[in-house]
Amino acid sequence: MPTAKFSRKLLSALSLALILAACSSQPPAPEQNAAGVESRTPANMDRSATTAPVESFDPMSVAALKDPRSPLSKRSIYFDYDSYIVKDEFQSLLVAHAKFLAANSNMKILIQGNADERGSREYNLALAQKRADAVKKSLSLLGTPESQMESVSLGEEKPVCTESTEACWAQNRRGDILYSGEY
Amino acid sequence: MKIKFLPLAFALGLGLIIPTAHAQLRVEITGAGANRLPVAIADFAGERAISQAITSVVRADLDRSGMFRLIDGAGVLSDKANPPFADLKQRGADAVAAGSTTETGNGRFETRMRLFDVIKQNTLDMEAYVHTSTQLRATAHRIADTIYEKLIGEPGMFSTRIAYVVKSTGRYELQIADADGANAQPALASREPIISPAWSPDGSKLAYVSFEAKKPIVYVHDIATAKRYVAANFKGSNSAPAWAPDGKRLAVVLSKDGGSQLYIVNANGSSATRLATSSGIDTEPRFSADGQFIYFTSDRGGSPQIYRIPATGGATERITFDGSYNVTPRPSPDGKSMAYITRTNGRFQLALMDLATKQTQLLTDSAKDESPSFAPNGRMILYATEVGGRGVLATVSSDGHVKQKLSVQASDVREPAWGPLAK
C-alpha cells in the first residue's frame with residue numbers, strides 16, 4: 001500500500017534526522033518542522049485515534065492545532081505542476097485556519113512554499129514563493145491580517161519525498177502552514 | 001625572461017579554512033574536438049625528484065581544454081638545450097614544452113619552462129616560476145595557462161577556481177576547488193541547503209543563498225577570512241544573487257513587496273532598489289559582462305522565458321521564444337552568446353544562443369542539466385547534471401565538441417560556479 005510505504009519512509013527519514021541531529025557537531029539549529037505532513041499520514045491518524053483521550057476539545061485552542069480531530073491539524077495545500085492556483089478542495093482547510101487566527105490574534109503563521117525537483121532551482125524557489133503567496137492571499141481574503149502572516153519559499157530544497165515519480169513530486173508541490181513556536 | 005612568484009598569501013588564506021575529508025573531483029573525457037593543435041609536453045628535467053610530477057598536470061589541463069592534441073613520447077627535455085626538432089616534427093608536434101625543476105634551498109624550487117615552435121625551430125617563450133613543494137599543481141596550472149595563451153592567443157583558465165555545493169546526508173558543504181576539481185576546500189558547512197553561489201568579479205568573495213534561518217537569505221562570504229555578512233534578509237524570500245561587474249552591487253530577487261521581483265542592493269547589504277515590476281515571477285538575474293543589461297527569467301508571458309532589461313531599469317526585451325521553458329540565462333564573457341537551460345520533451349538541456357542571430361544549439365544530450373557557468377575565457381561551460389540519480393558536475397566546450405564529467409564519489413554535487421581569472 002503506497003501510503004503505508006510513504007509513512008514508513010517518513011518515519012525512517014525522521015529517525016535518521018534525529019540521529020543526525022544528535023551526532024552532528026554543527027552549531028545547534030532547530031530542524032525544519034515538517035508540520036502537517038506527519039499528521040496527514042493514516043498511520044499517525046490511527047495511532048492518535050486509539051491513544052487520544054475521548055473528551056471533547058476546544059476547536060479554537062492552541063491544542064487543536066495538533067489534534068487530529070481538528071481541521072487545524074491539516075497544514076498542507078497541494079498544487080498542480082507549474083501552477084500556483086489554490087484548488088477549491090483546500091478552501092475549508094483555509095477557512096478553519098483563518099477562523100483560528102481571528103480568534104488567536106497573538107498567533108502568527110509562516111507559510112512555506114515548496115516545489116518539485118524538476119527544472120531550475122531558483123525558478124522553483126520563485127514558483128514555491130508564488131504558492132506560499134497564494135495561500136497567504138487566500139487567508140487574507142478570509143480576513144487574516146498581513147501582520148499575522150509571512151510567506152517564504154523553500155523551493156525544491158526540502159522535499160518530503162525524494163523519488164523521481166509523479167506521486168512523489170505531487171507530495172512536494174505544497175504550501176505548509178507553520179504556527180508560532182513551530183519554526 | 002620573466003620570474004613569477006606564486007602568491008603565498010592566497011595559499012595561506014585558503015589554509016585558514018578547516019579542511020575535512022572529501023573526495024577529489026575526477027575528470028572523465030567523453031568526446032574530442034576537431035581542429036586541435038598538436039603539442040608535446042616533455043617531462044621536465046629534475047621534476048621526478050619531487051613527489052608529484054608537474055608535467056602530468058600540464059598535460060591534463062591542455063587535454064581537458066579540447067584545444068590541443070597531445071603528442072606522446074618526447075621523453076625528458078630540459079629548457080637548457082634545443083629539443084630534437086626533426087623527431088618531434090615526425091611525431092606530428094607543432095610545438096613542444098621543455099623545462100627543468102631545481103631546488104633552490106629553504107624548501108623552494110625554481111621551475112623553468114621553454115616553449116618551442118617545432119616547425120620554425122625557434123623559442124616562443126621562456127618562463128621561470130619560484131614555488132614551494134605544496135605549489136606544484138598551482139605552478140603546473142600557470143605553465144598550462146602560459147602555453148595556452150602563447151599558442152591560442154587568449155588567456156587560459158587553468159589557474160581559476162570553481163565553487164559548488166556538495167550534499168551528503170543532512171549536510172550541505174560549499175566547496176572551492178581548482179578548475180580541474182583538485183584541491184577541494186570547504187568554505188561553509190550547514191545542515192540546511194545552500195544554493196546559488198556567485199563569485200565576486202575579483203574572486204575574493206562568494207555570494208550565496210542559505211536556508212539556515214528556515215527561509216532563504218542572501219549572504220556574502222569573504223573567502224580569505226571566512227567572515228560573512230547578510231546582503232539581503234527582508235520579509236519573505238531573498239535569493240538569486242548576481243554581482244555587478246563593479247563588484248559593489250548585487251542584483252537579487254526579493255519577495256518583500258509581493259511576488260519574486262528584481263532588486264539591486266549594495267554588496268555591503270545596504271539599500272534595496274526595485275529594478276523591474278511584473279505581476280508574475282522575475283528571477284535568476286545575471287549582468288552582461290559590460291554591465292549594460294541584466295538578463296533574467298520571467299513567466300510574465302505565461303511560461304518561463306528569458307528577458308533582458310537595461311541595468312539602470314527601463315524597457316524589457318524578450319530573448320527566448322522557442323519552447324515553453326527557457327531558464328537560467330548566463331551571458332558569455334564576450335557578450336556575444338548566452339548559455340541557458342531549455343526544456344524539450346521533458347528533458348532539461350544546456351543550450352547556447354548566438355545573441356546576434358538568435359540561433360540556438362543544444363550542447364548536451366543529458367536530461368537534468370542545471371546552473372551553467374562560463375569559464376572566464378568563455379571557451380568552456382561548467383554545469384550540473386545527473387548521472388544514475390546522483391548530482392555531478394560536467395563541462396562542455398562552447399562549441400559542444402568536448403565534454404567531460406567531474407564527480408565526487410558517493411556524494412551529490414550541484415550548483416557550480418566558475419570563478420574569475422586570477423588578478
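So that the names make sense, note that chain A is the first sequence line, chain B the second, and so on, each numbered from 1.
Annotation: the span from B/Lys215 atom NZ to A/Leu110 atom CG amounts to 8.0 Å, rounded to 0.5 Å. With rounding to the nearest 0.5 angstrom, the CZ atom of A/Arg121 is 5.0 Å from the CD atom of B/Glu415. The CD atom of A/Glu150 sits 14.0 Å away from the NZ atom of B/Lys214 when rounded to the nearest 0.5 Å. Considering OH of A/Tyr123 and CG of B/Asn326, their distance stands at 11.5 Å, rounded to 0.5 Å.
Both the backbone and the side chain of A/Leu127 come within contact range of chain B, each with at least one heavy atom under 4.5 Å from a heavy atom of that chain. B/Ile281 touches chain A through backbone and side chain together, each having a heavy atom under 4.5 Å away. Residue contact with chain A, scored on non-hydrogen atoms closer than 4.5 Å, is absent for B/Val253. Interface residue A/Ser120: backbone and side-chain heavy atoms are both found under 4.5 Å from chain B. Both the backbone and the side chain of A/Glu157 come within less than 4.5 Å of a heavy atom in chain B. At a 4.5 Å heavy-atom cutoff, the contact between B/Ser239 and chain A is made by backbone and side-chain atoms alike.
Of all non-hydrogen atoms in A/Ser164 and B/Lys368, the two that sit nearest each other are OG-NZ, 3.4 Å. Across every non-hydrogen atom of A/Lys158 and B/Glu192, the tightest pair is NZ-OE1, 2.7 Å. Looking at every heavy atom in both residues, B/Tyr325 comes nearest to A/Arg118 through OH-O, 4.2 Å.
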Check your understanding: So B/Phe211 and A/Leu125, side chain to side chain contact (heavy atoms under 4.5 Å, CB included) or not? Walk me through it.
Key -> CA-CA 11 Å; B/Phe211 290 75; A/Leu125 187 71; 3.7 Å; yes

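Partners of B/Phe293 according to the ring pair (Phe, Tyr, Trp, His ring centres under 6.0 Å) rule, which considers only residues two or more places apart in sequence or in another chain, do not exist here. Every residue meeting the salt bridge (charged side-chain N to carboxylate O under 4.0 Å, His left out) condition with A/Arg173, not counting sequence neighbours, appears here in chain and number order: A/Asp116, A/Glu166.
Distance alone, capped at 3.5 Å, places no donor-acceptor pair between the A/Glu122 side chain and the B/Glu284 backbone. Listed for the B/Ser237 side chain is a donor-acceptor partner under 3.5 Å among the backbone atoms of A/Ser153.
Annotation: salt bridge (charged side-chain N to carboxylate O under 4.0 Å, His left out) contacts involving residues 131-146 of chain A, sequence neighbours excluded, comprise A/Lys136-A/Glu146.
Residue A/Asp58 places its CG atom among more than 12 non-hydrogen atoms of other residues, nucleotides or ligands, all under 6.0 Å distant. Atom CD1 of A/Ile85 has 12 or fewer heavy atoms from other residues, nucleotides or ligands within 6.0 Å.
Residues of residues 89-108 of chain A lying within less than 4.5 angstrom of chain B, judged on heavy atoms, are absent.
Most heavy-atom pairs under 4.5 Å with chain A: of the set B/Ser260, B/Ser196, B/Gly236, this distinction falls to B/Gly236.
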